[in-house]
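Working notes, beginning with the structure itself.
Start at 1 and go down the list; that is how both ligands and their atoms are numbered. Computed from a predicted structure; not experimentally measured.
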Amino acid sequence: MDNSGLTNGSKHPKIAVLTSGGDAQGMNAVVRAVVRTAIHEGAVPYGVHEGWRGAVEGGDLIREMHWSDVSGILNLGGTTIGTARCAEFRERSGRRQAVKNLVQLGIDRIIAIGGDGTLTGADALRAEWPTLVDELLEAGEIDSETAATHHTAHLAGVVGSIDNDLVGSDMTVGADSALHRILEAIDAISSTAASHQRTFVMEVMGRNCGYLALMSAMAGGCDEVFIPEMPPDDGWQDALCQKVRAGRAAGRRDSIIVVAEGAKDRHGQAIHATDIRDVLADTLGEDVRVTALGHVQRGGTPSAYDRWMSTLLGYSAALDVLRADETHESHILATKHNRVTAIPMMEAVANTRAIASHLADGNYERAVASRGASYSSMINSFATLSSPVHLPQTPSPALGRAPRVAILHAGGLAPGMNTAARAAVRLGEDRGFTMLGVEGGFPGLIEGNIRTLTWADVDDWAGSGGAELGTRRTAPSIDQYYTLSKVLETNEIDAVLILGGFAGYEAAWNIVKERGRYPAFNIPFICVPASIDNNLPGSELSIGADTALNNITEVLDRIKQSASASRRCFVAETMGRRCGYLALMGGISSGAEQVYLSETGITLEQLSEEAKRMVSSFQGGRNLYLVVRNEEASPYYTTDLMTKVFAAEGDGIFDVRPAILGHMQQGGNPSPFDRTLALQLTAAAIDELARQFSTGKVKSSYVGMEEGETRIYPITHMDEQIDMDTRLPYDPWWAQLTEVLYTVADPGYAKHLTDFTLES
Ligand code: ADP
């Protein structure tokens with residue numbers, strides 16, 4: 001094995017991994033990736049069980065970990081290597097004992113997964129390590145060779161915290177899964193609340209960080225939220241009652257208020273769920289119920305994001321410490337725009353801790369600013385979406401009347417289409433637009449199936465799957481353009497907002513070319529990416545892809561479970577057309593052994609090698625081999641054919657079954673991520689329309705989310721970002737993850753795929 005990237009001159013460096021503090025879903029994925037990446041790099045991984053306590057106590061609590069020790073843990077919540085609080089480790093004497101235990105085993109590289117307490121401990125350990133080693137040598141507790149070889153330590157941290165409270169990181173391990181749990185509860189409660197016209201107050205975790213409360217209130221379409229960073233103004237009790245009353249008057253049947261456990265008023269007085277209940281019950285005379293979710297939020301299986309991103313974090317952390325040189329500082333491996341970034345450990349911890357002091361000092365603006373720009377824009381969007389204020393419709397200077405905006409869906413169904421349509425209606429109304437819903441996509445528009453949509457019409461669309469307006473793959477043909485232009489004219493449509501997939505983008509691209517011939521087409525057509533395939537230009541992710549990925553992960557978990565009783569290979573086929581996103585990410589999230597993507601194709605040679613690997617691994621005791629492919633990975637080597645090839649080569653040692661995942665991938669309620677993405681992208685589209693209406697400039701465009709920002713591109717340049725024939729965006733960001741998959745999935749790590757290049 002090649003050790004060229006390793007430092008410290010050690011041929012087989014030893015690397016320890018531990019989980020400490022509060023547990024979080026996804027910690028197991030980090031541990032699994034650390035262990036397997038270490039093995040792949042020629043290092044020896046050790047598991048420190050029960051957090052820092054294991055390091056202090058040593059003995060059997062620090063054990064070498066093998067490839068198979070981390071098999072089958074990707075889908076488990078909590079942490080299989082255990083976590084504990086350890087008072088001794090807070091003291092120098094405890095850390096001295098930990099250094100002794102570790103260096104005696106030859107370990108001088110450590111990856112700590114936990115919250116800010118765990119990472120503070122990690123940094124203290126790193127800082128004191130050389131002097132502690134000297135002390136141990138002087139006391140004769142370690143020999144001089146051990147002291148010389150392990151005189152410095154390299155540490156890296158990964159933040160496992162459902163609160164998502166680390167400054168400098170987009171998401172911490174476990175936060176997305178916690179949001180899943182909360183949204184499941186909100187969705188369940190809103191149906192019973194609506195039946196009885198009841199009000200619920202839901203308490204969620206977050207002592208200093210309102211992330212979970214804010215995102216779940218937004219994604220759940222709730223009435224109000226109380227978070228530590230934004231204490232309500234004095235008199236909040238009256239304002240709340242008025243808002244709930246106004247919502248009911250506007251047609252809401254249920255009211256849900258979300259409160260973070262650390263919510264306070266402007267005087268530092270805690271606002272508990274029961275306080276809110278009492279205010280509402282007394283003033284409105286309503287039946288108000290409180291639900292405190294508690295530890296449910298920490299539980300359950302990790303979401304797809306908490307599996308693939310945690311895998312990437314563990315992989316990156318292992319490389320960070322294995323390739324560290326003498327000048328190496330301790331890093332936290334954090335997430336930034338779907339990528340991993342290394343940030344200085346103590347700076348990040350100090351910035352995170354500073355938020356608690358900002359809150360204690362009443363410096364709320366600073367606390368919100370520390371959370372990043374998107375946090376405050378989310379707070380504003382929530383206020384707009386949840387407030388049923390009917391402004392008088394404002395005439396646009398260019399049009400001389402209130403602009404009329406038609407919303408339609410195009411392409412395949414994407415969970416989150418309803419969320420986006422709801423946001424468009426409410427944010428559009430807030431800008432003074434008249435919002436129109438087109439039923440049945442472009443064919444519906446041509447037939448004139450158009451109705452006005454108001455605030456109340458879309459009230460229960462925030463978290464519902466499917467598409468209330470319906471979606472069609474059909475784009476208008478050239479001979480329908482005349483009718484289309486007449487419909488646009490007679491309905492006085494000033495803009496068309498297309499919330500959909502490639503079919504919608506292509507339709508807009510073709511329609512704008514005919515502006516010269518049909519003056520009615522001289523209006524903005526704005527596309528918002530909604531497609532589970534995740535193959536749209538100008539956006540790293542499209543609405544619906546995360547939900548589909550979670551659906552795939554859930555089914556693959558079940559398939560794996562079903563196979564555990566027999567020796568079986570599954571060839572699972574995902575959707576995505578020619579885009580391999582779902583197959584690759586589904587493969588990483590479910591712990592598949594192999595993925596085949598259209599971007600890299602399938603060859604007979606690969607299948608033959610795969611079959612040989614299967615035979616030897618089943619002969620070596622394996623029960624299950626999971627292969628994931630995307631539906632158009634190859635026109636020749638179909639799922640059926642692959643199944644037959646593997647079955648023939650398996651020759652009875654194992655059996656092979658195809659699993660075509662089909663339309664379940666498009667079903668279900670949108671995931672929390674897809675709901676917030678829908679909101680952000682739609683808000684960008686509505687802003688763009690407002691700009692165009694105020695300036696009178698017409699520009700058809702598509703919006704996207706790239707590097708954490710919403711971007712807008714002219715539709716006429718679409719072909720610069722996507723191959724219009726294959727419908728594949730150029731240079732997808734996720735392509736590099738194939739390397740990660742092979743590192744953690746295949747002990748032999750033969751790089752089965754050739755370079756990730758677009759097949760023409
Ligand atoms: P979290 O890591 O989730 O913030 P804790 O704050 O309980 O959880 O910290 C977990 C463990 O990390 C503690 O039990 C202790 O062993 C260690 N730790 C916490 N703070 C420090 C510190 N200031 N110095 C050294 N070790 C610490």
Side-chain angles (χ1 to χ4, degrees), residues 16-28 30-31 47-58 61-62 77-79 81-102 110-129 131-132 153 155-169 171-175 177-178 205-209 211-212 228 261-262 294-295 297-299 306 310 313-314 317 330-334 343-357 359:
V17 58
L18 61 88
T19 52
S20 153
D23 66 318
Q25 307 97 321
M27 281 180 159
N28 287 325
V30 185
V31 172
V48 177
H49 296 251
E50 315 305 335
W52 290 124
R53 182 158 78 77
V56 174
E57 289 185 19
L61 291 180
I62 311 179
T79 162
I81 58 172
T83 177
R85 314 264 176 201
C86 175
E88 290 96 314
F89 194 77
R90 291 175 184 270
E91 309 300 326
R92 195 169 191 277
S93 55
R95 295 194 286 272
R96 182 181 188 276
Q97 192 57 36
V99 173
K100 181 177 167 185
N101 290 329
L102 291 165
I110 301 156
I111 290 165
I113 308 159
D116 56 356
T118 302
L119 301 179
T120 305
D123 201 65
L125 186 71
R126 182 200 59 86
E128 293 165 358
W129 187 285
T131 48
L132 289 172
L155 280 101
V158 173
V159 184
S161 156
I162 66 163
D163 290 350
N164 200 26
D165 50 358
L166 181 81
V167 172
S169 180
M171 290 293 271
T172 54
V173 172
S177 304
M205 284 186 172
R207 260 174 303 201
N208 289 318
C209 183
Y211 177 86
L212 290 179
E261 60 180 341
H295 282 79
Q297 295 162 84
R298 276 191 200 287
D306 273 329
S310 302
L313 286 167
S330 298
H331 288 138
I332 290 177
L333 282 302
I343 54 178
M345 188 182 278
M346 274 335 279
E347 197 183 309
V349 169
N351 291 341
T352 301
R353 294 202 157 166
I355 291 193
S357 353
L359 294 178

Next on the checklist: Does Arg207, at its CZ atom, have more than 12 non-hydrogen atoms belonging to other residues, nucleotides or ligands within less than 6.0 Å?
Outcome noted: no
Between ligand 1 and the protein, find all N/O pairs closer than 3.5 Å and give the distance for each.
residue  : atom   : partner : partner atom : Å
ligand 1 : 2 (O)  : Gly115  : N            : 2.9
ligand 1 : 2 (O)  : Gly115  : O            : 3.4
ligand 1 : 2 (O)  : Thr118  : N            : 2.9
ligand 1 : 2 (O)  : Thr118  : OG1          : 2.4
ligand 1 : 3 (O)  : Gly22   : N            : 3.2
ligand 1 : 4 (O)  : Asp116  : N            : 3.4
ligand 1 : 4 (O)  : Asp116  : OD1          : 3.2
ligand 1 : 4 (O)  : Gly117  : N            : 2.9
ligand 1 : 7 (O)  : Arg85   : NH1          : 2.5
ligand 1 : 8 (O)  : Arg85   : NH1          : 3.0
ligand 1 : 14 (O) : Cys86   : N            : 2.7
ligand 1 : 16 (O) : Cys86   : O            : 2.7
ligand 1 : 18 (N) : Gly117  : O            : 3.2
ligand 1 : 20 (N) : Arg90   : NH1          : 3.3
ligand 1 : 20 (N) : Gly117  : O            : 3.3

Checklist entry - Taking only residues two or more places apart in sequence or in another chain, which ones pass side chain to side chain contact (heavy atoms under 4.5 Å, CB included) with Ala122? => result Trp52, Ala112, Leu155, Met345
Checklist entry - For Glu347, which residues count as a side chain to side chain contact (heavy atoms under 4.5 Å, CB included) partner, sequence neighbours excluded? => result Pro344, Asn351
Next on the checklist: Exactly one of Ile81, Thr79, Asp306, Ile113 should register a side-chain contact (heavy atoms from CB on, under 4.5 Å) with Asn28. Which one does?
Outcome noted: Thr79
Item to check | Test: Arg353 and Asp116 ion pair at under 4.0 Å | outcome: yes
Checklist entry - In chain order, what residues pass the side chain to side chain contact (heavy atoms under 4.5 Å, CB included) check against Arg90, with sequence neighbours excluded? => result none
